[in-house]
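Worksheet: one structure, shown below.
All figures in this text were calculated on a predicted structure; none of them were measured in a lab.
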Amino acid sequence: MTTSSASPKKAPGKAATRKRPTTGKRATVKKTPAVKPAAVLIVGAGFAGLGMAIRLKQAGIKDIVILERASAVGGTWRDNQYPGAACDIPSNLYSYSFAPNPNWSRSFSGSEEILGYIHHLVAEFELEPYIRFEKNVEDLSFDEKKGIWTATTDKGEQFAGRAAVMAQGPLSNCSFPAITGIEDFTGHKIHSARWDHEYDFTGKKVAVIGTGASGIQIIPELVKQAGHVKVFQRTPGWVMPRPDFATPAWNKKLFEKLPASQQAMRNLLYWSHESMALAVIWKSPLTRIAERVARLHLRRQVKDRWLRRQLTPDFTIGCKRVLVSNDYYPALQKDNAKLITWPIARLSEKGVRTVEGIEHQVDCIVFATGFDVSHSGTPFPVKGRDGRVLGEEWQGGAQAYKSINVSGYPNLFMTFGPNSGPGHNSALVYMESQLDYAVKGIEKILKDDLKMLDVKEDVQRRHNKAIQKRLARTNWNSGCKSWYLTDDGFNATMYPGFATQYAAQMAEFEERDYETV
Amino acid sequence: MASIDLDKMLTKIKSTQWALSDIDWDAPGAELITEEQWPKLKDFMADLMWIEHVGARAFAAMAKKAPTDTLRQIYTYFHAEEQRHANAEMALMKRWGMLEGDEIPEPNINLRLVIEWLDRYSDDMPVYVLGTVVPMLEIALDGALCTFLLETVKDPVCHQAFEKINDDESRHLGVGFSVMEMQGRGKTFIGATKMLAPLLDPRLMLGIASYVPLLNKMRDNIITMGLPEERLYAAMAKFEKIGGRTEDGRRNPWFQVIRQHAKLVVNRRNHVYHVPVDGMVKLTGLIPRRALPAVPSWVRELTYQPTA
């Protein structure tokens, strides 16, 4: 997994909530006696949920319950443990500023180390007592009279809170893609976000479908292990070089002894990523320069003209997620690897049939096909005032106020809600702004003993009008198809601006924007 | 031909895919190729296979330039389908014992030059140039050669393969002519003149210099194989008939260019055209193979094996 900014792979806060098949047996909801509400109910124990708990604790709010659907914390980073999984934002920026780690082993750490950092957060901030594992939320409803949110799990258990934080993460659910014939394939199938660590690739013929952020990290590792790897690509992405190196011991010592030096490094990384916004969010002369750097990277690593052509994107850089890798292109050129750009006609019993008429027979197919990102729904029913259901209101595309509150759903806060995704900077930078904003809102609810803190509808409408106007001028809306957009081309995912702008937007909690009861 | 709904066409293309493994390449019938046919057929099949490659490479270029996402996807499929045709034709050659080991048969020099040009310059050409030339090549060369093949070869496997290939080709032509009409729609004199501007591009001039002798060379090959050249001319006439059946089609200036050129090709008495062009064919025939650059690496994608 790659990312740290807005890629489907990384978004912090993964998931404590999985959408369950509606056709399956539903557990009978027990009629439990009224549940004593906590001050704050958090759904998800990934980066977002744990970060939320830390900031609440630091603000003196300790009556917290965190519901996690799995039996361990870590969210996205717990689930994405495929070979080569790493973050594509430097670790010194892809970590919380309120919990610096001087010991990152590399500039771009692997997922195992990032997961270790998350475990460290749990230990250092003593979060374990707040977490309820294996609580898979299936419903979140607001009781208007009491001003209470109640979460119901798939086992019928209920948990309540005066405020609720949806920190399940946007990239927490995945499934095999709907490719014709997928059920006919009798070999082994693995999804990148649910890696099968038991499967031995040695000597095996492997197909990898997908060349996005996860795919380009998995492929070099598989090429080292497998007998033969066929890479099926639909659209090539822009690949930038990755300045990855091991952190020298003196550097770790410096960061430990002099935390200001690590903060200075973080600032440097932050501003260098901020400058990338000019290249990847809007079309500017820097966009051309960024494309040129990527082309040079390709030219330097790939000598064959046709292969270069196959790997050259035909969309503006930034329109889809920008990839970073030093070993993807070389891996594709190994004797036991092959890039296939023919469209896939169908999967068959023994492999992948492509339109050039050939059946590529393999022992295993790795689906690096991303996540089930919902632009127009919620991972479980969320019911607000007057019986409204959020998924229904979002049918035409998700909308919120400052990405965090939705009118009609009082006392509810979201991490990585609509239009909060970064394309150029660390997702955790955005996350910190969201957490601190939520703390302000929750403090207000508790301090003033409010039943409802509900953003005004017209305020939300004006906010979204402005956001969509700004989005229209970005590279994301420049014509390519990406997971950022709905099928109709509506962008409910990305924030059209610098991280600094986003932080400024979240810095002020304007009480006048809210209706209070 | 009325314009077709390209979205529906894309759906149809996706739902009607076939693979080499759908055909039993070891089924009886290979023995129906006569000894007399065999050597001619070998050269013929090699050329046919390479003509598929011309179409494939042109579609690859058109996919990059397609004005809509639907058309981009269609051209991406057509690129792969042309490769499938070449693979199937190679499988027929293998079946008939015409391949030595895994070698890929050599094309004639004029095809080789066209492929070289396509590989170097086609990605830089406007889509309407290739969008007009490709239907002509498909209808004339592919069409005439396939007809001949099915008339003279009795092997049922060959008929089975070409039934599938021709189904694909009819869709390629349907889209091709429809796009030609789209590009002629509402064209004013000035707009049409602008579309002809690439004629001044030296890269396109090189392309024309490769295309023009190719048609005469293929005509000569057809005669050598015992096929009346009128078959080729009849196929070319179909281009004029279908491409020019609507006002929009006729308004596409590249249709007019290709049509006028076809008239020159068909008229053997036009010595002003044929003497120099035949001279070009002879001249290009003298180019030593080693003087040509290496074949593009995508040629190595060809295979006669249904599974890999």
Would the number of heavy atoms belonging to other residues, nucleotides or ligands and lying under 6.0 Å from CZ of A:Arg292 be above 12?
-> no
So which of A:Ser348, A:Gly351, A:Gly357 has the largest heavy-atom pair count under 4.5 angstrom toward chain B?
-> A:Gly357
Less than 4.0 Å between a side-chain N and a carboxylate O, is that true for B:Arg72 and A:Asp314?
-> no
What pair of heavy atoms forms the shortest contact from B:Ala80 to A:Pro343, and how long is it?
-> CB-CD, 3.8 Å
Rounded to the nearest 0.5 Å, how far apart are OG1 of A:Thr341 and NE2 of B:His79?
-> 7.0 Å
Heavy-atom pairs under 4.5 Å with chain B, option from A:Thr180, A:Thr354, A:Asp304 with the top count | A:Asp304
Examine whether an atom of B:Pro296 lies under 4.5 Å from a heavy atom of chain A, and if so say whether it belongs to the side chain, the backbone or both; otherwise answer neither.
-> neither
A:Arg309 portion near chain B, given a 4.5 angstrom heavy-atom threshold = both
Report, as yes or no, whether the 6.0 Å neighbourhood of atom CZ on A:Arg234 holds more than 12 heavy atoms from other residues, nucleotides or ligands.
-> no
Which pair of non-hydrogen atoms, one from B:Ser21 and one from A:Arg353, has the smallest distance, and what is that distance?
-> OG-NH2, 3.1 Å
What is the distance from atom CZ of A:Arg346 to atom NZ of B:Lys14, rounded to the nearest 0.5 Å?
-> 15.0 Å
Got a second to check how far A:Trp306's CH2 is from B:Glu301's CD, nearest 0.5 Å?
-> 8.5 Å
OG1 of B:Thr307 to CD of A:Glu359, rounded to nearest 0.5 Å, is 7.0 Å
Please look at B:His85 and chain A and tell me whether the side chain, the backbone, both or neither of the residue comes under 4.5 angstrom of a heavy atom of that chain.
-> neither
Select one option (side chain, backbone, both, neither) describing which atoms of B:Asp119 are under 4.5 Å from chain A's heavy atoms.
-> both
Taking atom NZ of A:Lys303 as the centre, report whether more than 12 heavy atoms of other residues, nucleotides or ligands fall under 6.0 Å from it.
-> yes
A:Glu183 atom CD, over 12 foreign heavy atoms within 6.0 Å | yes
B:Trp298, part contacting chain A, at a heavy-atom distance under 4.5 Å = both
B:Gln305 and A:Ile358, any side-chain heavy atoms less than 4.5 Å apart | no
Identify which part of B:Ala60 has an atom lying under 4.5 Å from any heavy atom of chain A, answering side chain, backbone, both or neither.
-> both
Region of B:Arg120 in contact with chain A, defined by heavy-atom distances below 4.5 Å | both
Just give me the residue among B:Ile13, B:Asp123, B:Thr76 that pairs up with chain A most often, heavy atom to heavy atom, under 4.5 Å.
-> B:Asp123
Minimal non-hydrogen separation, B:Glu81 against A:Val355, with atom names | CG-CG1, 3.7 Å
Considering only heavy atoms, which portion of A:Lys350 lies under 4.5 Å from any heavy atom of chain B: side chain, backbone, both, or neither?
-> neither
Considering residues, nucleotides and ligands other than B:Lys12, do more than 12 of their heavy atoms fall under 6.0 Å from its NZ?
-> no
Neighbour count above 12 (heavy atom, 6.0 Å) for B:Lys64 NZ | yes
